[in-house]
Each structure stands twice: as structure tokens, then as C-alpha cells.
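Accompanying notes for the structure given below.
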Amino acid sequence: MAHPTSSPRPLHLGVDLSDAGAHPAAWRTHGSQAQRLFDAERLQHLVDTAQRGTLDLVVIDDSFSLQPTRSTTLRGRLDAALVAARLAPRSRGIGLVPTVATTHTEPFHVSKAIATIDHVSGGRAGWQLGWSSDDADAGHFGRGAALSEAAAVAEAEEAVEVVSALWDSWEDDAEIRDRETHRYVDRAKLHYVEHDGVHFAVKGPSITPRPPQGQPPIVVRVGSDESFGLAARHADLVRISATSRDEALDLRLRLRAAAAAAGREPGDLRVLVDAFVVTGPDQASARARLDLLTELEGVRWDTDSLTHVGTARELTDTFLSWWEIGAVDGFVVRPSSLHTDLDVLVDGVVPMLRTARAFREHYNGPTLRDQLGLRNPANRYAAIA
Amino acid sequence: MTTPRKQVHLGAHFPGVNNTTVWSDPRSGSQIDFASFEHLARRAEAAHLDFFFLAEGLRLREHKGQIHDLDVVGRPDTLPVLAALAAVTDRIGLAGTINTTFNEPWELARQFATLDLLSGGRAAWNLVTSSDAFTGENFRRGGFLPHEQRYERAAELVQVARALWDSWDDDAVVAHARTGQFVRPGSVREVRHEGPHFQVRGEFTTPRGPQGHPVLFQAGDSADGRDFAAATADVVFSAHSTFEAGKAFFADVKGRLAAHRRTPDQLLILPATTVVLGATAQEAAERSHEIRLQQVPGPTAIAFLEQVWGRDLTDHDPEGPLPRIEPDVENLDITRGRVRHVKDPRAIAGAWRAQADANGWSIRRLVIEVTSRGGFVGTATQVADAIDRHVQEDASDGFILVPHLTPAGLDDVFDQVVPLLQERGSFRTEYAGTTLRDHLGLTRPAPRNTRSYADRALVG
Ligand SMILES: Cc1cc2nc3c(=O)[nH]c(=O)nc-3n(C[C@H](O)[C@H](O)[C@H](O)COP(=O)(O)O)c2cc1C
């Protein structure tokens, strides 16, 4: 299959906006604004910063359960989809990607929520597909015991198929406003999805017209064999964890092969590795920042992916070296402390990546698909007609 | 001594998916683009309205087994639109209709707590209870809930939601960097609920919002619905907008409060209404008639009759006389996904035929007449007087204004009627507070007594 090697493969950058940063003690460091953790304007400011760096997207993680006491002292979270919607009207270019889990939420509700974030943002929604095998989550809903990882992923796969069909259940030109016949819609362009599966039966159509991107990009985090398969079959953007370039390269190639085996164009897959970062103007001060965080938390920081402690220059070099050999298409940066490391990413790393002609100077267009270099997919129902 | 004037409360309803909304007018804008929502919310806020309001329906309406295509179809999801509006407004309340049958309390409670936090205390939830199997076909449990249990489930759902909102103390988040204490010990308590509809257990994820609880609206008209409102709601969204019907409804619902040890000022009654203005009464009446013609084009009139007749009437001329054929009483769910109860179709058909014959009305004219909901038609002064009279004389506590045009259909009301209400001293000229509870004069729910609660619910 021909791959356009002549045009440079763009590098993609996302940032995870969860909590006060990826380090559990981030909220205790100077400038964290921990008192304002649930304040929309704090989040808006972070998105403004990410947008200044023309980053592809921000991820807002979520869970139905409170942070477990063993992992951090921080407590509390907001509904991620609503946070994404709140951030939409006053941002441009940047993708807004909330986690929404399918284990306890109806696919019909997921579909219209993400579609609506896409509408209110002018085509910048993504969906980080979540699922839960957590006992605490199951207890909040009281409908039975928690699922196994495999069962939860299988249900998520069915949910993503339903959600995706619902997004297509309106053709783009279904609204006709025909004054002659007095018809507002052409109902031949509205489709019952008639899903009758193992976990769900959903009639459709959606109550919400097709989102501007057609299909908002689906983000899947790979952490098991089951989620690997789900990602290969359904993800537009795959988040992987890898501690070495070779490991990432191997995963990316295997994902692309699995996508191809599932009948997909492997070039449509964007593979981004999680990158935990602790920055400083020099090595010693970056180390000192991590030491302080470790001291506050009382335990060593336990990360499961690429972890960088050092300067913006060194981080840029690491990014370039992973990206140039094709180990990844980009990075989802997990700043140890959002208020410090995000600024360094945007004002330090991004300009150097631009100088290296590895990263965009301007947004490619208004939508998240534009940033990811993915075309809007055709509507499955229109294609049949 | 004169008693202080009752204050009028006003909401701005985004145009819905029924034939009140005129989409065929050249001025009619998008029902989907965020700019339309932003226009109405910002204009309403500039006029100091209490809140912006969104309706909801979880299945597209059908008529004769097909999607009903004559009215507006489709809308974005309620809560994300309200969250987005929080970014472009500062004071106006953000009220959203959310069904209690096809949702779970844990998820709704955190969504509304989130909206309240993201908007600085402006969230409101209009609880609706539709439980029909038709709507259920979009959800995994289908039409699982018997009609007579819809308010039982709603009441238990609100009870759980309140327990979740109260499970965080208002001052739980201290964020003491030095000591590492993010929440005060004991300030976040586990909730355990075992009931017929819900078994819920766990520590809630989201801090208590600025309002404590979002403002709760209720919109159902049955005796059960009215009791539920009297027991639970802060606001009733009613369809009784005429003066006489309004007074009767007002007396009925407020009369139910004492049984729940509540006082009349704890529940506001806000009927939906429309407004048509003109420089003279005559001009307003003409404009109103033109709007009715736009709202009821021929095919809409025929489809309306078909709901009563239970059969296809497309071979009838909407400008001609009413059908002589009798209704098919076996086929009363010809239209699905909207609230309408046809009790005795033969009697209705007979009465309409007689009415049309006596007045020489066509099908279309008959439908225009019988579907007229009243609403205020007149000069700005007449409309302001009428709104004020309804409120001062206890036919309502204000209104939810439903425009017929998206997005600018209420601009004239904001520009012409609101200032007159302000001159009369019946409507605010500035927002006195920051939350929707402040605007509506509702007290903030007290946090649960921590000590006795902690005895029952131990944190793991
Ligand atoms: C003024 C008014 C507005 C309503 N709006 C909605 C709505 O937006 N969505 C919905 O699903 N139901 C809506 N309903 C329906 C009610 O919530 C309720 O489900 C229905 O009236 C049946 O309950 P009842 O038998 O108590 O009337 C509305 C009802 C009234 C009176």
C-alpha cells in the first residue's frame, strides 16, 4: 500500500489536564491553584496556554469514583464531558477530548454528548473511550457486580459501534427546510440504527444531528491485550505506554498491522505515547523539583511510560528521536505539575520543535481531524444509498 | 401600608421541536449552531432574566410510523449546551430538562454538581418522567418502568441525588499544601442507599456546588405530578398560562404544599407562554394571526387531525371541510414521542365538526383555533400589564417565555416589555445575587448535619 513518504509525517502533541498535574503531590506545589481546582477559569487558562502552543488536543480524564486514598491525597473531580463543553466556546483550533466510560453510561447518551461537544466547538471534540472493571464504580450503580477487564472492553466495543452508528444516523444534508412541501427534514436521510447486540438494543436515530466532524476521533488507551484489539479496530488515536523507543516502535508497528488485518488503512492510526515530564531550566533544578514532589508525597513517583526529568532542550531531543524513527506519531504530555510544565512545553519545547520543522506553526484548520490529518469519514448510510 | 409588589420571574425557553417554532420564516436561524443558543442566552442575560431553559425528548417523534418531518427535528444534548453557555454568560440561570427514567442518579448528580460548579451556581434541573416503551427503545433496559411508577422512581432518584450533593460539606476542600490535607477529615462521607429503584453506595466524586443543590423544576400535570412538585420541586413549569386556568392551577399546587410542611414562597409556578407585540393592539392581533398561519401550514393541520381520527387523512384538502368519516378509535398512538392524550376521539371529532360548520371554518382554520394556547398579544404596555396582573393576582409567579423564532424571537420582549415591568417595580434592573437561587428568592439547602450523618455513614 502506497504511503506518502514524500510529505513529512507530522508530529502530534496532546496534554492531559487532569487534576493539578500527573504527580499526585502537584497540588501541593507553589502556584498550583489547588483551591481553585474545580474552577472553570483555571481550566480555561490551561486551554489558552495549550492553544498558544498550537497543541493538537487536551485530554480530560474521568472516573465515576473518587481518587483512592492510596494513590493521592487529592480528592474530587468534575464530569469530563461537561468540562470539555465549558471549554469549547472560548477556544479555537485545539481538540477537546473527555473520557466517557461506557460501562455504566448509555451509548445513546454518550453519542449525543460527544456530538454536542463537537457542535459547540465547531468540530473539535474527541472521545477517549473508557470502561470500568472497578467494584466501587459498580457499587454506585447497583446493577450488579463489576465486569472483568475483558468483559468491560467487549461491552465498550459494542458501545463504540452503537455510538458511531448513531453519529451517522443523520446524513449531513438531512435538514432541508423545504417551504414547498413544508418538510423540515428529509426523513429518507434519517436512519434507524436498529442495533440489537449482546449488551444493548438501540433503535435510533440520534436526537442530535451528525456532528461537524462526522465521526469525532476516538481515543483508546492500550494497556491490555483486549484494549490493544479494541484500539486496532476502532481508535483514530491510540495512547500507548512505553519506556523505550524500541518498545514504542514495536507497539506502533503491531498496532498498524492489526489495524490493517482488521481492514483499516494503517495510515489512519495516530499512535501517541504518554510522556511524563518534570522540567527545569537545567538538569539540577528539574531533579530538585522531582525531589520536592517525592518528599511531599513520601513515595517515589511511579510512572509506567516515558518519563523525562530535565530541560526543554533535552525533552525536545527525546521527542524528536522517538518521532524521527517512527516509534510514535506524537506524545500525550503528562505534566508533573500543570502550572509549571505546561508553560515549559508551550514556550520552550514547541518553538524548538517548530525550528526543527517537526511541529506546526498554525492550526491546519478548525477541527480536531484537521490537526490529526484525518479526513471526515463518509456516512455509512449515505454510502449504501 | 402597601405590601411590597410581588416580583415577576422570567425564563427564556429555547425554541423547541414542535410547531410553536416557525422554521419556515426567512429570519429563522439554526436550531443546532451554538451561536443561536448564545444569542438567546446573552440577550436574556442583558435583560436580567432569571434563567435560560432547554427542553428534551429522547426519541424523535413519529407520525404514522415515520419520523414526523413537518416540525423542527433534532437538538443538541441539554447539559453540554448549558455547560458551554456557562462560558459566555455570567449571571443567568441555566435550566435543563433531563429525564428521570432513562438515567441513573449517580451520573445525573455529578453532572448537575459539575454544571453548578462550572457556572458559579446557576444550574437548574427540570425533572421529567416520560417512561414510554417507545422512548425506551433507545436504551438498554427498554420500556422497563410501569407508567404508575414514574414518579416513584423520580422521587427516589432525587432523594439519592440530594444525599450525594450533601455528602460533601460546603467547606470540604481546604487544600492545605503544607499539611497535605486536601479535604477536611470527615467532610466527604460515604452514601449508602437501598431502595426499590436504586441501590447506591460510595463516596461521591464531586464537591458540593455553590447552590448546594441545583434548582429543581418539575413539569408534569397529573395529580401525581403535582404532588411530586409540592413535595420536591422549587419551580413548576406548567402549561396553564391563561388567567383563570393559571389561578386554579396556582391554588391547587400551592395548596398541596402544607401537607409537605412547605410554604407557598418555596415553590414558584411558571407557566409557558408566548408573546406577540405590535405598535397597536390591532397590529399585534394581525401579526399573531400571521404567525398562527405559519405555525399551522396545511400538512400540519392534516397531521393534527390524524392524531384524533387515528387514520390517514392526506386525501383531504386542508382548506376544505372537516372529514365526515369517523375516527378509528383503535389507532390512537398514531403519533408517538409527544405528550398528548386523546380521550374520546368520536366526541372530539363531532364537536369540532359542529364548530367548523357553525363558523364556516376549513380544517386548517379549525386547527388554528383549537390549538391556540392563548399567550399574550398586544402592545408592549398591554403585555406588561397582563404579565404583571397574572403575577400580582396569583395566577403565576412569572412565565417561561417561548419564542416562535430562533434565535431572536424574544429580542422585542427584552427590549420593550421588560423595561415596562422594571418601571412598575415588578422586575429587577440588576441581578442582586450571583446564583439562580438568589434570582428566584430561594434559600440554599442547608448542609446535612455532619455529626449525626457521620454516625450512619462511615468512610472506608
Ligand atoms: C409544560 C410542560 C413541559 C414539558 N416538557 C417536557 C420535556 O421537555 N421533555 C419531556 O420529556 N417531557 C416534558 N413534559 C412531560 C412531563 O414531564 C411528564 O412526563 C408528562 O407530563 C407526564 O406526566 P404527567 O402524567 O404527570 O403529566 C412536559 C410537561 C409539561 C406540562
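Naming convention: chains lettered A, B, ... in sequence-line order (proteins, then strands); numbering from 1 in each chain.
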Top of [options] for chain A proximity - count of heavy-atom pairs under 4.5 angstrom:
| options | value |
| --- | --- |
| B:Arg59, B:Glu38, B:Glu104, B:Arg110 | B:Arg110 |
| B:Pro297, B:Ala35, B:Gly142 | B:Pro297 |
| B:Ala87, B:Gly74, B:Pro76 | B:Ala87 |
| B:Leu115, B:Val200, B:Leu118 | B:Leu118 |
| B:Pro80, B:Gly57, B:Gly202 | B:Pro80 |
| B:Gln31, B:Gln199, B:Arg201, B:Gln181 | B:Arg201 |

Donor-acceptor contact below 3.5 Å, side chain A:Trp167 vs main chain A:Pro216: no
Relative to the ring of [Y], is the ring of [X] parallel (under 30°), tilted (30 to 60°) or perpendicular (over 60°)?
| X | Y | value |
| --- | --- | --- |
| A:His109 | B:Phe139 | tilted |
| B:Phe14 | B:Phe52 | tilted |
| B:Trp106 | B:Phe204 | perpendicular |

Close aromatic pair by centroid cut-off 6.0 Å: A:Phe141 and A:Phe64: yes
Could you look at [X] and say if it's the side chain, the backbone, both or neither that has a heavy atom under 4.5 Å from chain B?
| X | result |
| --- | --- |
| A:Ser63 | backbone |
| A:Ala113 | both |
| A:Ala34 | both |
| A:Arg75 | both |
| A:Ser111 | neither |
| A:Thr105 | both |
| A:Leu37 | side chain |
| A:His30 | neither |
| A:Thr73 | both |
| A:Asp135 | neither |

What part of [X] gets closer than 4.5 Å to chain A, counting heavy atoms only: side chain, backbone, both or neither?
| X | answer |
| --- | --- |
| B:Asp116 | neither |
| B:Phe37 | neither |
| B:Leu58 | both |

Between A:Gln67, A:Arg143, A:His199, the one whose heavy-atom pairs under 4.5 Å with chain B are most numerous: A:Arg143
Residue pair A:Trp170 / B:Leu60, side-chain heavy-atom distance below 4.5 Å: yes
Neighbour count >12 (heavy atoms, 6.0 Å) for atom NE2, A:His45: no
B:Thr335-B:His68 side chain donor-acceptor pair, cut-off 3.5 Å: no
B:Asp132 side chain to B:Thr135 side chain, donor-acceptor N/O pair below 3.5 angstrom: yes
Over all atoms of both residues, closest heavy-atom pair of A:Asp186 and A:Arg183: OD1-NH1, 4.2 Å
Minimum heavy-atom distance B:Ser36-B:Gly29, with the two atoms named: OG-C, 4.4 Å
